[in-house]
Amino acid sequence: MNNTDYIYLDHNATTPVDVRVLEAMLPYFTKVFGNAASLDHEAGHEANRVVNLAREQCARILNANDPKEIIFTSGATESDNIALFGVAEKYADKGDHIITCVTEHKAVLDCCRRLEQLGKRITYLPVDQFGIVDLDALRAAITPKTILISIMFANNEIGTIAPIQEIGAIAREHGVLFHTDAAQAVGHIPVDVEAMHIDLLSFSAHKIYGPKGIGGLYVRRRNPRVKVAPVIYGGGHELGIRSGTLNVPGIVGMGKALEIARVEMRAEAEKYRQWTQMMFQQLRDDLGSVELNGHPTQRLPHNLNVSIKGIESRSLIVQLKDIAISTGSACTSASVEPSHVIMALGFGEERAHNAIRMGIGRYTTLHEILTAISQISLAVQRISNL
Ligand SMILES: Cc1ncc(COP(=O)(O)O)c(C=O)c1O
C-alpha cells in the first residue's frame with residue numbers, strides 16, 4: 001500500500017477518511033475528551049454538545065423530523081441487528097413474520113437466519129435479473145402477522161437501487177414497519193425518510209469518508225412511533241436503545257462526513273456516473289463479451305459490477321497486484337462460494353464466478369481509471385492466452 005502506483009477501486013467496501021473529517025475529529029481525542037453522558041461538568045457538556053450537533057447533521061441528510069430519531073451505533077451491522085431483533089422483540093404480540101430479500105447484506109440475512117431459529121417466520125423475496133424485488137410479490141407476502149419489511153436501499157455488490165418509495169408506501173398502506181439498510185446509499189444518493197415512508201434506516205460512516213466503527217440507526221418517533229428493544233444493555237445511553245459510552249470523535253467525524261456529502265454529493269455523483277459508464281464502454285470495446293451486473297440506470301453512480309466471459313474473477317485479481325477491486329465471492333476453506341447476490345440474478349454460476357466489482361471514490365483520478373482499465377484488459381488477454 002506504500003506503492004504510489006496502487007489504485008484503490010473498492011470504495012463500496014470502505015473509503016479513506018477525508019482530511020476535513022480527520023481535522024474535525026482530532027480535538028475530541030485529546031482536548032475535549034469528556035464523556036458525553038457526564039453532565040456534571042463542562043467537559044461532559046462540551047462532548048454532549050458536539051454529539052448533538054452531529055445528530056442534527058445526520059438527521060438533516062436523512063430529512064428526519066427530529067435529531068432524537070438518530071441512535072449512534074458501531075456501524076451498519078449493529079444498526080441492522082438492533083432494527084431486526086429490536087422490532088421482532090417489541091412487536092412479538094402483534095406478529096412473528098418479517099419480509100426481506102435474497103440479495104441483502106449478511107448483516108441482515110444472518111439476523112434473519114437467527115430469528116428463524118428463534119421461531120420467527122421470514123420470507124426471502126427473490127429479485128429480477130437486475131436485482132429488483134417484485135412489488136406485487138411483496139404485497140402478496142404481507143400477512144396479518146407481518147411486523148417488518150427489511151429491504152436494502154442500494155446493493156453493495158451490484159449497486160442496484162431499490163424502489164424504496166414504493167416499498168415504503170406499500171408498508172405504510174398495510175401498517176407494517178419498513179426498515180432499510182442504507183449503508184451504501186446515505187451520503188451518495190438522496191435519501192428522505194419522510195417522502196419514502198421509512199421507519200428504520202441503517203447507515204455507516206466508513207462508506208462516506210468517515211471513520212470505521214461508527215454508524216447510526218434512524219428510528220421514527222412520530223406517525224408511527226416505532227419501538228425497538230435494545231440488543232446491548234447498560235447505562236441507558238441513546239434513549240436506552242444502545243447503551244455504552246459514546247464514541248465522541250467517531251460521531252463528530254460521521255457528522256462532518258455527512259455534512260460534506262450533503263453539499264458535494266450531487267456533483268460527485270454526476271462525475272462518477274460518467275466515469276463508470278466510460279469504464280464499462282471501454283471494457284466492452286477492449287474485451288467484447290462483458291456483461292453488466294445490476295440495473296443499467298437505477299444504480300449507485302460510483303459502482304460498476306461486470307462479468308467478463310470466460311475469465312474467473314479470482315484468476316483476474318491475482319494478476320492485478322496494484323489494483324484493489326473485489327470479486328464478491330466468499331472463500332471458505334473448501335471452496336470459493338459464488339456471490340449470493342449475482343447468483344440471485346439468475347444467470348448461473350459462471351457469471352457469478354466471473355463478476356468483478358469496481359467502486360470509484362472522491363480521490364480517484366481519470367488517469368487511475370484509464371490505467372486500471374488497460375491493466376484489466378491486458379490481464380484478461382494474458383489469461384486467455386494461457
Ligand atoms: C449494505 C451494507 N450493509 C451493512 C454493511 C456493514 O456495515 P458496517 O461495516 O458499518 O458494519 C455494509 C458494509 O460492509 C454494507 O455494504
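Order of appearance sets the numbers: ligands from 1, and atoms from 1 within every ligand.
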Exercise for the section: Apply the test side chain to side chain donor-acceptor pair (under 3.5 Å) to residues Thr146 and Thr143: give CA-CA distance (whole Å), side-chain angles for both, the deciding distance (0.1 Å), then the verdict. Expected result: CA-CA 5 Å; Thr146 308; Thr143 75; 3.3 Å; yes
Exercise for the section: Apply side chain to side chain contact (heavy atoms under 4.5 Å, CB included) to the pair Arg172 and Phe178, showing each step before the final yes or no. Expected result: CA-CA 8 Å; Arg172 190 60 58 89; Phe178 175 36; over 6 Å; no
Problem - Derivation of the ring-ring contact (aromatic ring centres under 6.0 Å, His included) call for His302 and His188 - result: CA-CA 8 Å; His302 60 299; His188 290 288; 4.1 Å; yes
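Counting protein heavy atoms only, atom 6 (C) of ligand 1 is closest to Thr77 OG1, 3.3 Å. What sits closest to atom 7 (O) of ligand 1 on the protein, heavy atoms only, is Ala76 CB, 3.3 Å. When only non-hydrogen protein atoms are considered, atom 12 (C) of ligand 1 lies nearest to His105 NE2, 3.4 Å.
Here Ala183 has side-chain heavy atoms under 4.0 Å from ligand 1, and that is the only part of it that gets that close. Proximity of Lys212 to ligand 1, defined as any heavy-atom pair under 4.0 Å, is not found for any part of the residue. Only the side chain of Asp181 comes within 4.0 Å of ligand 1, judged by heavy-atom distances. The part of Met152 lying near ligand 1 is the side chain, judged by heavy-atom distances below 4.0 Å.
Every atom of ligand 1 is numbered from 1 in the order shown, and the set under 4.0 Å from a heavy atom of Gln184 is 16 (O). Atoms of ligand 1 lying under 4.0 Å from any heavy atom of Asn156, numbered from 1 in the order shown and given with element: 1 (C), 16 (O). Shown in contact with Ser204 at under 4.0 Å from a heavy atom are these atoms of ligand 1, numbered in order with element: 8 (P), 10 (O). Every atom of ligand 1 with a heavy atom of His206 under 4.0 Å away is listed here by number and element: 8 (P), 9 (O), 10 (O).
Nearest heavy atom pair, residue Phe85 against residue Leu118, reads CE2-CD1, 4.2 Å. Across Val17 and Gly210, no two heavy atoms sit closer than the pair CG2-O, 3.6 Å. Of all non-hydrogen atoms in Ala344 and Thr103, the two that sit nearest each other are CB-CG2, 3.7 Å.
For the pair Arg113 and Tyr124, the cation sits on the ring face: its NZ or CZ lies under 6.0 Å from the ring centre, inside 45° of the axis.
Counting non-hydrogen atoms of other residues, nucleotides and ligands closer than 6.0 Å to CZ of Phe33 gives a total of 12 or fewer.
Closest to atom 13 (C) of ligand 1 by heavy atom, among Lys207, Glu78, Glu157, is Lys207.
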